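Step one of this worksheet: look at the structure below.
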Amino acid sequence: MNSQAVPELQHRTVLLEEAVDALQIDGARAGGVFVDGTFGRGGHSRRILERLGPRGRLIAFDKDPQAIATAEQVADPRFTIVHDSFATLGEALGARSVHQADGILLDLGISSPQVDDAARGFSFRLDGPLDMRMDTTRGMSAAEWLASESEQTIGKVIRDYGEERFAFQIAKAIVARRAVSPISSTRQLAEIVAHAVKTREKGKDPATRTFQAIRIYINKELEELEVALDAALEKLGPQGRLVVISFHSLEDRIVKRFMASRANAPQPDRRLPIRAADLPQPVLRLMAKMKPTDAEIAANPRARSAIMRVAERTAAPLRSKQ
């Protein structure tokens, strides 16, 4: 279980114990079905397997071929890896005759090995091909997208997904540069951004927001998160736990609003004669919000922006329109 198919850069799983504790894998639940929506390098999955009983089952997802190669080395009959986005968890679980899950964990964002591998194109600090795809076997790379997209769309993506106030200046600089020569490396893009951004946030590289925005857009991260949350709610059984760890405000806002809206049932017209027992009930119960401790952040600075939210499925039936 500890052997790995590819050389690995160091990765620290954020909120490892807290996330697995929140799934409540104990007693009869230890024989249930759990889902790890992002296997990554297996930190959460391995801890879940340690707590599962002999009849328990863990189904994990990942789009990254390197993560899949690592997951395939996990020799445990209770474990299944799916090479796909967690947005497909509804269909994937159904195809494996799983109608209810006892807990679903979604650890969003990217892992340290992905960032620290220059060949993946995620880092503005390391020079490498401008790729940024989570799944390098599918879809358009960041370089291909920047070479073909309009200035207006590039600017909108950087503004909306990176919350970058100089988004359209950056987009203009990108289009001007590509007219001269292709933008094919992370260093090229980082230099373009550095020249276009007029002021810099203290302690933050000027390319941070642009790289985040393009990565999110290329991988459809926010759209897939919204689909996955709906699918998770449909698959969770009563008292099933939904645990989500996000790493930036756009993700956390989606998770927060989703959980809050499902934790509040729509109230009917007060003038209607409806018994209290017949009133609509919420389908989720908010359980916890947690951030890494100072000690974890000191040991792993990339954990500093993490927020974990936990909700529990109630016995109330799902409404056709949430």
Side-chain angles (χ1 to χ4, degrees), residues 3-14 38-43 62-73 83 85 107-149 154 157-158 161-162 164 170-171 173-175 177-178 180-197 200-201 203-221 224 247-248 251 297 299-306:
S3 62
Q4 295 171 338
V6 292
E8 292 295 335
L9 297 162
Q10 185 179 25
H11 175 66
R12 294 176 182 266
T13 303
V14 176
T38 40
F39 179 83
R41 294 307 180 263
D62 212 294
K63 297 195 293 184
D64 186 342
Q66 293 181 6
I68 296 300
T70 301
E72 288 174 345
Q73 302 306 306
H83 184 188
S85 164
D107 182 2
L108 311 177
I110 56 177
S111 67
S112 296
Q114 289 172 321
V115 176
D116 295 335
D117 182 354
R120 300 302 300 273
F122 290 113
S123 176
F124 45 80
R125 293 188 176 92
L126 303 171
D127 194 26
L130 191 58
D131 195 312
M132 294 197 195
R133 290 173 295 168
M134 296 287 189
D135 186 346
T136 53
T137 69
R138 307 171 192 175
M140 181 182 290
S141 71
E144 291 169 332
W145 181 71
L146 288 176
S148 59
E149 194 51 84
I154 293 172
V157 166
I158 297 173
Y161 294 128
E164 170 61 73
I170 294 169
I174 287 171
V175 170
R177 174 61 179 272
R178 80 184 186 192
V180 177
S181 61
I183 304 168
S184 58
S185 77
T186 53
R187 181 168 293 166
Q188 287 175 321
L189 179 58
E191 289 174 351
I192 293 167
V193 175
H195 285 105
V197 172
R200 306 183 183 208
E201 298 173 71
K204 182 175 284 191
D205 189 288
T208 301
R209 294 178 180 274
T210 296
F211 271 66
Q212 171 188 296
I214 295 173
R215 188 205 83 218
I216 290 172
Y217 180 80
I218 288 292
N219 293 289
K220 298 181 172 61
E221 292 178 31
E224 291 190 351
F247 288 86
H248 58 74
E251 293 173 337
I297 293 172
N300 180 17
R302 286 175 177 165
R304 66 185 177 276
S305 61

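Values in this document were obtained by computation on a predicted structure and should not be read as measured data. Just the heavy atoms: all of them, side chains too, but no hydrogens, waters or symmetry mates, feed the values below.
Heavy-atom minimum distance, T13 versus G43: OG1-CA, 3.3 Å. Of all the heavy atoms in P65 and T137, the pair that sits closest is CG-CG2, 3.9 Å. Nearest heavy-atom pair across A142 and I214 is CB-CG2, 3.8 Å. Residues I192 and A173 approach most closely at CG2-CB, 3.7 Å, considering heavy atoms. Scanning both residues, D64 and Q114, for their nearest heavy atoms gives OD2-NE2, 2.8 Å. The two residues R133 and I218 have their closest heavy-atom pair at CG-CG2, 4.0 Å.
Side-chain N or O atoms of S305 include none that pairs as donor or acceptor with a backbone N or O of H248 at under 3.5 Å. Checked by atom type and distance alone, the side chain of D131 never pairs as donor or acceptor with a backbone atom of G121 at under 3.5 Å. With T210 contributing its side chain and A207 its backbone, the two residues share no donor-acceptor pair below 3.5 Å.
With a 4.5 Å cut-off on side-chain heavy atoms, V115 and S123 count as touching. Counting heavy atoms from C-beta outward, V193 and E164 have side chains that stay 4.5 Å or more apart. Looking at R178 and I154, their side chains come closer than 4.5 Å, going by heavy atoms from C-beta outward. Annotation: side chain of M134 is in contact with side chain of I110 (closest heavy-atom distance under 4.5 Å). The shortest side-chain heavy-atom distance between V14 and D107 does not fall under the 4.5 Å cut-off. The shortest side-chain heavy-atom distance between I174 and I158 falls under the 4.5 Å cut-off. Considering only heavy atoms from C-beta on, R138 stays 4.5 Å or farther from K63 through its side chain. Residues Q188 and L130 fail the side-chain proximity criterion, which asks for heavy atoms closer than 4.5 Å.
If you take CD1 on I68 and NE2 on H83, they are separated by 5.0 Å, rounding to the nearest 0.5 Å.
Between D117 and R120 there is no salt bridge, since none of the side-chain N atoms of the basic residue sits less than 4.0 Å from a carboxylate O of the acidic one. Classification of E191 and R177 as a salt-bridged pair fails, no side-chain N sitting under 4.0 Å from a carboxylate O.
For F122, the ring pair (Phe, Tyr, Trp, His ring centres under 6.0 Å) test picks out no residue, with sequence neighbours left out. Qualifying ring pair (Phe, Tyr, Trp, His ring centres under 6.0 Å) partners for F124, counting only residues two or more places apart in sequence or in other chains: F211.
Heavy-atom contacts from other residues, nucleotides or ligands closer than 6.0 Å to CZ of R304 number 12 or fewer.
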### Task
Begin with the C-alpha distance, continue with both residues' side-chain angles, and end with the deciding distance and a verdict on side-chain contact (heavy atoms from CB on, under 4.5 Å) for T186 and L126.
CA-CA 7 Å; T186 53; L126 303 171; 5.6 Å; no

